[in-house]
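As a basis for the values below, the full set of heavy atoms in this structure was taken, side chains included, without hydrogen atoms, waters or symmetry mates. Every chain is numbered from 1 and lettered A, B, ... according to where its sequence line falls, protein lines coming before strand lines. Quantities reported herein were computed from a predicted structural model and do not represent experimental measurements.
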Protein chains: 2
Amino acid sequence: MQSNQAKPFSAYQLREDFPALAQSVNGVPLVYLDSAATSQKPRSVIQSICRYYENDNANVHRGVHALSERATAAYENARGRAAKFFGAEAQEIVFTRGATEGVNLLANTLKKRVLGEGKTILLTEMEHHSNIVPWQMVAQETGAVIRYIPVVPETGMLDEDEAKRLFAGGVAIFSCTHISNTLGTVNPVQSLCAWAREAGAVSIIDAAQSAGHRKVDVREIGCDFLVCSGHKMCGPMGVGVLYGEGSLLQDLPPWQGGGEMISRVTYEGSTWNKAPHKFEAGTPNVEGAIGLHAAMDYLDAVGREEIRLHDALLVREAMGVLSSFPGVRIFGPVDESGEHAGVVSFALPGIHAHDVVTLADSHGIALRGGHHCNQPLMKKLGVPATARASFYFYNTEEDVEALRCSVEKIMRMFSKL
Amino acid sequence: MQSNQAKPFSAYQLREDFPALAQSVNGVPLVYLDSAATSQKPRSVIQSICRYYENDNANVHRGVHALSERATAAYENARGRAAKFFGAEAQEIVFTRGATEGVNLLANTLKKRVLGEGKTILLTEMEHHSNIVPWQMVAQETGAVIRYIPVVPETGMLDEDEAKRLFAGGVAIFSCTHISNTLGTVNPVQSLCAWAREAGAVSIIDAAQSAGHRKVDVREIGCDFLVCSGHKMCGPMGVGVLYGEGSLLQDLPPWQGGGEMISRVTYEGSTWNKAPHKFEAGTPNVEGAIGLHAAMDYLDAVGREEIRLHDALLVREAMGVLSSFPGVRIFGPVDESGEHAGVVSFALPGIHAHDVVTLADSHGIALRGGHHCNQPLMKKLGVPATARASFYFYNTEEDVEALRCSVEKIMRMFSKL
């Protein structure tokens, strides 16, 4: 992989690093178009996990024996690597279980600092359930109010005028996805965070769909907090990153209690360790951090800008192919209305998404169908569900062609062609 | 491994399944006596992780394509396996990140059901920080009061008369470790849970130190809830189990919000999925569950009663060896005062635990030194720290002999012999 930086980008070559892609399902070669749900893992990530368990496995931080020192160094190196990946400092990086836990941690700690009766939490109508439900729970607890920046259904973009009006009304917390997992919309996070800052709001970016697909720099974005999931960026499951701006993170109260996060415990009470350890109660997922380290190395060797361009190329082709069928509805930004990341949601005329995905599976194609953890957005779009194809750097133009063939067969089967 | 059930137990043979044990550190063969912090992993567990990522990796529950169906089946099979392992039903098993998260989940959900001003949370003086700090946090929030069943310093056992008096005073929540990670004490969890039931208290058992070391059956113990960590029972890091009795678990409110745990989400509010999914927000750690499944298969093939007996054998030998040195203090149950699990904490006369562990490391021995996440217990025992040797089924009598040699060298170096 190290040599890839010099070589031209080749999805065909890169996919050879992914053992799971080299298989047949239902008698045909697998076409994996579900990376927005979880990405496949390169051999280097899988091997990093094996190597850890075969050589260095130990509990961290409190041990002075050789294995524990190696495990601790590997764990803290992974933190440093994540900091570099996101343009942050190591002490600003908390390892979580994933983006969902990151949002829950923020909701449950920020509520004690900035929420209260009548305070506003500003979200958008395109948030994943993970960035809605935790806020509903703390809103109910604190008397805070949730408002949503509307999505313009025709373009899949946020209504920016309405956003400005909402910010002007006073906002305590602003939390917004970088890239919509359903629409593929790339939100103008830099402007949104600037507006949040002007409004005196704490800003949070959900980078679950962007962290593995493009350069994500927290200083450039100007957010206070950012969350993502390792498993969507070639890393293992069960690990994620929470970035928190130095002093803001330090100022948050702890969330979970236990070992690692304390400084001193008596039967009567306890004092807390400093960030980031204050937020990592219990034995951390050392394996997960090490696997994520390998994933970040891999992604940077491929080139994050190259990944973004390749996603865009395939999504443009896929949208072209899909729109050539009569009556197909494509969601999210089209044409010049806005950047469309590597996710295409679509609906075939009179065919339920579940049937589309089931039939596509019989053609070897892994799509996802349903509400994509976006039930309220589905309602707004006026559909019960969509089929979704999501692309990554290991997908090729042949995969788009396979999607075209599958859709053609499905349309014929339902006599829509 | 399958054939081990028929074969006589052989630690020498079993250790060959553990790649990390076959290494030298500091020029001498590794003697790993830190399994109470984290266990090493058998090849079958490591391979199960690789196999998953190389073949079946996908997000679960919401997918209908082949990989997603395979991943979902593997994840739910792991839940069924955990249920069988603990004598429970699948819907009573929640996958967590580990024991610490399990206690935090219980503290933060039970507080809404049974805590309030003046209500009593009953713990013991030998709890790990993970079973103290979360309760301190919710006690502060709710006005509840924490009481501790005292430890008798001489025996390392709980004062049962005092326990009965405390239960008689009224208890809302009782949470107690099965085996002390510092003293090796095996608590009479069956009696304690019976007393809790009589007192109308919810009972929680922290099985972090017992789940991988002996048969742990939730119906036999009679607890309402039980938590443990996968990584201490030959499984991967980042996964654990929370058992909750059927109707009690179902009755708890959710803790974290996000995907998977909801039934219906609107912009205005949400309704919850049923247990166990209600408690598993976000993409679960499928890898972790699969690795833990392999670990439970491995442990049952070795035999949990055989593991308990082997632990006891080595710990008896180690206590004999250590007590042969002048002035050495051994903590926890000795002689016939009570069962002593595979953990021995000790203090060499006038030598700090940190020095003991550092020197032992130079002899290839991985011990742990410090407060073992038991700061208040250390204070009670009147020591700043202890050195701890913890044993597992892959340790041998040679390991005990290596410990003896190391202690002898350390004692000579400090002129205590």
B:Val145 versus chain A, heavy atoms under 4.5 Å apart: side chain, backbone, both or neither? neither
Could you tell me if the side chain of B:Asn57 sits less than 4.5 Å from the side chain of A:Thr38, heavy atoms only? yes
Should we say atom NZ of B:Lys380 is surrounded by more than 12 heavy atoms from elsewhere, each under 6.0 Å from it? yes
Using a cut-off of under 4.5 Å for heavy-atom pairs, which of A:Ala66, A:Ser229, A:Ser68 has the most such pairs with chain B? A:Ala66
Donor-acceptor pair, B:Glu287 side chain versus A:Gly238 backbone, under 3.5 Å? no
Under 4.5 Å from any heavy atom of chain A, what part of B:Ser35 do you find: side chain, backbone, both or neither? neither
If you take all heavy atoms of A:Thr266 and B:Gln136, which pair is closest and at what distance? O-NE2, 2.9 Å
Can you tell me if A:Asn59 uses its side chain to pair, donor with acceptor, with the backbone of B:Ala37 under 3.5 Å? yes
Smallest separation among heavy atoms of B:Thr96 and A:Arg97, with atom names: C-NH1, 4.1 Å
Heavy-atom distance under 4.5 Å to chain A: side chain of B:Tyr148, backbone, both or neither? side chain
Look only at the side chain of B:Glu101 and the backbone of A:Ala281, and say whether a donor-acceptor pair between them is shorter than 3.5 Å. no
When only pairs under 4.5 Å are counted, which of B:Ile132, B:Leu367, B:Asn26, B:Val239 shares the most heavy-atom pairs with chain A? B:Leu367
Under 4.5 Å from any heavy atom of chain A, what part of B:His231 do you find: side chain, backbone, both or neither? side chain
Contact class of B:Glu125 relative to chain A, heavy atoms under 4.5 angstrom: both
Any A:Tyr267 side-chain heavy atom under 4.5 Å of B:Leu123 side chain: no
B:Val265 to A:Gln375 - nearest heavy-atom pair and separation: N-OE1, 2.6 Å
With a 4.5 angstrom heavy-atom cut-off, which part of B:Leu30 approaches chain A: side chain, backbone, both or neither? side chain
Given a strict heavy-atom distance threshold of 4.5 Å, which part of A:Ser39 is in contact with chain B: side chain, backbone, both, or neither? backbone
Is B:Gln256 in contact with chain A via its backbone, its side chain, both, or neither, using a 4.5 Å heavy-atom distance? both
Is there a donor-acceptor pair under 3.5 Å between the side chain of B:Asn104 and the backbone N or O of A:Gly257? yes
For a side-chain contact (heavy atoms from CB on, under 4.5 Å) check, start with the C-alpha distance between B:Ile46 and A:Tyr52, then their side-chain angles and the critical distance, and finish with the verdict. CA-CA 10 Å; B:Ile46 303 171; A:Tyr52 169 66; over 6 Å; no
Any sub-3.5 Å donor-acceptor pair from A:Gln23's side-chain atoms to B:Asn55's backbone N or O? yes
Which of the residues B:Ala71, B:Ala58, B:Ser362, B:Ala107 is involved in the greatest number of heavy-atom pairs with chain A at under 4.5 angstrom? B:Ala58
Residue B:Trp255 versus chain A: region with a heavy atom under 4.5 Å: both
Salt bridge flag under 4.0 Å for residues A:Lys41 and B:Glu54: no
Take B:Leu67 and A:Gln40, measure what side-chain contact (heavy atoms from CB on, under 4.5 Å) needs, and give me the verdict at the end. CA-CA 11 Å; B:Leu67 268 62; A:Gln40 294 304 332; 3.7 Å; yes
Sort B:Arg388 into side chain, backbone, both or neither according to what part of it lies under 4.5 angstrom from a heavy atom of chain A. neither
Rounding to 0.5 Å, atoms CD1 (A:Ile262) and NE2 (B:His129) come to a distance of 5.0 Å
Greatest number of non-hydrogen atom pairs under 4.5 angstrom with chain B, of A:Gly98, A:Gly288, A:Ala360, A:Gly269, falls to A:Gly269
Looking at chain B, which one of A:Ala99, A:Ala22, A:Gly258 has the largest number of heavy-atom pairs inside 4.5 Å, strictly under? A:Gly258
Is the CD atom of A:Gln140 crowded by more than 12 outside heavy atoms at less than 6.0 Å? no
With rounding to the nearest 0.5 Å, note down the distance linking NE2 in A:His65 to OH in B:Tyr32. 5.0 Å
Choice from A:Val45, A:Asn108, A:Asp34 maximising heavy atom contacts with chain B below 4.5 Å: A:Asp34
Engaged part of B:Val25 at the chain A interface, taking heavy atoms whose separation is under 4.5 Å: side chain
Name the region of A:Val356, side chain, backbone, both or neither, that has any atom closer than 4.5 Å to a heavy atom of chain B. neither
For A:Arg147, which atoms come within 4.5 Å of any heavy atom of chain B: side chain, backbone, both, or neither? neither
Can you say whether B:Pro253 sits under 4.5 Å from chain A via the side chain, the backbone, both, or neither, judging by heavy atoms? neither
Decide yes or no for B:Pro19 and A:Tyr53: does some side-chain heavy atom of the first lie under 4.5 Å from some side-chain heavy atom of the second? no
Does any heavy atom of chain A fall under 4.5 Å from the side chain of B:Arg264, the backbone, both, or neither of them? both
Given heavy-atom pairs under 4.5 angstrom as the criterion, report whether the side chain, backbone, both or neither of B:Ile146 touches chain A. neither
Got B:Pro376 and A:Glu268 here, is their nearest side-chain heavy-atom distance under 4.5 Å? no
Below 4.5 Å from any heavy atom of chain A, which atoms of B:Met261 appear? Answer side chain, backbone, both or neither. side chain
Run the numbers on B:Arg368 and A:Val64 for side-chain contact (heavy atoms from CB on, under 4.5 Å), then give the verdict. CA-CA 7 Å; B:Arg368 195 146 287 243; A:Val64 296; over 6 Å; no
Should B:Lys232 and A:Thr283 count as side-chain neighbours, where that means a heavy-atom distance under 4.5 Å? yes
